[in-house]
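Report on one structure; see the data block that follows.
Everything numeric in this text was worked out from a predicted model, so none of it was measured.
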Amino acid sequence: MSEDLSKHHTSRMNKLQRKLRSEVGKAIGDYNMIEEGDRVMCCLSGGKDSYAMLDILLNLQQRAPIKFEIVAVNLDQKQPGFPEEVLPAYLDTLNVPYHIIEKDTYSVVREKIPEGQKTCSLCSRLRRGTLYGFAQKIGATKIALGHHRDDIIETLFLNMFFAGKQKAMPPKLLSDDGANMVIRPLAYSREKDIAEYAELKAFPIIPCNLCGSQENLKRAEVKDMLNLWDEHHPGRIESIFTAMQNTSPSQGVDREQFDFISLQRDADAPLRGDVAESDLPAFDFVDVANNGHIDLDAAKSRSENKIDIVSTYTP
């Protein structure tokens, strides 16, 4: 690599690291993901996202105003051909405590799922159960997963399109039994930034071959849709995520989230119209004739204190 290319490589890597570090730091602060004395179990799959998450968290750990531990954990699911030496060799270079859990979930998945059907659901449940249990054994107070902003948005559309539900991946989640707290430090980060950072850092990526080809999975369809939007409408992905942070239950249709049944008008409220017309004085309906034409703008300009509503009535 030439000197100019090397400088460009280093400059770009440092810029991306600062950006990711800022986004992760903001996500942690916004959702109170990591607190003083936490023991954070970083789950490594060998993919770009979890490598980047661990890298940024270790970087933040050195600068954070609070003290917290990081323990890296990989679940070896005994997939055929899995290069089990890659992660330990990499983690040894980081001087970070780590554990490799060996559990043959691959055989369970292959036994339970007919050939040709998707394995993701069962695989993720088995993986989650194993990691939850191990987190409690090592005294981890937080379980960090490498899901990023794109994952969260994709999950929203997957649930909308194929499950009829409006839900995604929360940046912070308490497990159903209340025993484990899951955090997603990359919740504010884009996949394309993480992918570039992983390439520049030359992380030893381990592909997941358990599911075989990913092309026919519904998530791939949603990802293609979002990538197309991102290409033709820059800023749309950011807008979608912002919308997810600004929900208005009273403006939706979910009867569980808002009590529409008990909703009643206030008979004593001043008759001022909507908020957009809040500068109007109280309407005087005495002069309003049926089947007439009412010019509110003209009436407003004639009086600051009272609207003399002029109506034209044609019998």
Exercise for the section: Would you mind reporting whether Tyr90 and Tyr98 have side-chain heavy atoms less than 4.5 Å apart? Expected result: no

Handout entry: Donor-acceptor contact present, side-chain His147 to main-chain Ile152, <3.5 Å
Key = no

Practice task
For residues Ile28 and Ile183, determine if any side-chain heavy atom of one lies less than 4.5 Å from a side-chain heavy atom of the other.
Solution key: no

Handout entry: ILVMFWY cluster, Phe241 and Phe161 together (side-chain gap under 4.5 Å)
Key = yes

Completion exercise
Of Lys218, Arg149, Arg219, the one forming a salt bridge (charged side-chain N to carboxylate O under 4.0 Å, His left out) with Glu154 is Arg219

Fill in the blank from the handout: Result for salt bridge (charged side-chain N to carboxylate O under 4.0 Å, His left out) between Asp230 and one of Lys223, Lys192, Arg236 points to Lys192

Handout entry: Ile34 vs Leu60 side-chain heavy atoms within contact, under 4.5 Å
Key = no

Practice task
Compare all side-chain heavy atoms of Leu57 with those of Pro185 and state whether any distance is below 4.5 angstrom.
Solution key: yes

Practice task
State, yes or no, whether a side-chain contact exists between Lys78 and Ser107 at a heavy-atom distance under 4.5 Å.
Solution key: no

Exercise for the section: Look at the rings of Tyr51 and Phe203 and say which category their plane angle falls in: under 30° parallel, 30 to 60° tilted, over 60° perpendicular. Expected result: parallel

Practice task
Could you tell me whether a side-chain N or O of Ser50 sits under 3.5 Å from a main-chain N or O of Ser45, the two making a donor and an acceptor?
Solution key: yes

Handout entry: Glu199/Lys48 ion pair, N-O < 4.0 Å
Key = no

Problem - side-chain hydrogen bond (donor to acceptor under 3.5 Å, both in side chains) involving Lys201 - partner list, sequence neighbours excluded - result: Asp55

Exercise for the section: Please check if the side chain of Ser22 supplies one atom and the backbone of Arg18 the other of a donor-acceptor pair under 3.5 Å. Expected result: no

Problem - Polar side-chain atom of Tyr197 near backbone of Gln17 as donor-acceptor pair, under 3.5 Å - result: no

Practice task
Would you mind checking if Glu35 and Lys142 are paired as a salt bridge, meaning a charged N to carboxylate O distance below 4.0 Å?
Solution key: yes

Exercise for the section: Determine whether Asp38 and Glu69 make a side-chain contact, defined as any pair of heavy atoms from C-beta on separated by less than 4.5 Å. Expected result: no

Practice task
Indicate yes or no: at least one non-hydrogen side-chain atom of Tyr132 is less than 4.5 angstrom from one of Val182.
Solution key: yes

Exercise for the section: Please answer: with hydrophobic residues joined when any side-chain heavy atoms are less than 4.5 Å apart, are Leu131 and Val40 in the same cluster? Expected result: no

Problem - Donor-acceptor pair, side chain of Asn159 and main chain of Lys165, under 3.5 angstrom - result: no

Exercise for the section: Mark yes or no for whether Gln136, through its side chain, and Asn180, through its backbone, hold a donor-acceptor pair below 3.5 Å. Expected result: no

Exercise for the section: Kindly indicate whether the side chain of Asp150, heavy atoms from C-beta on, has any atom under 4.5 Å from the side chain of Leu226. Expected result: no

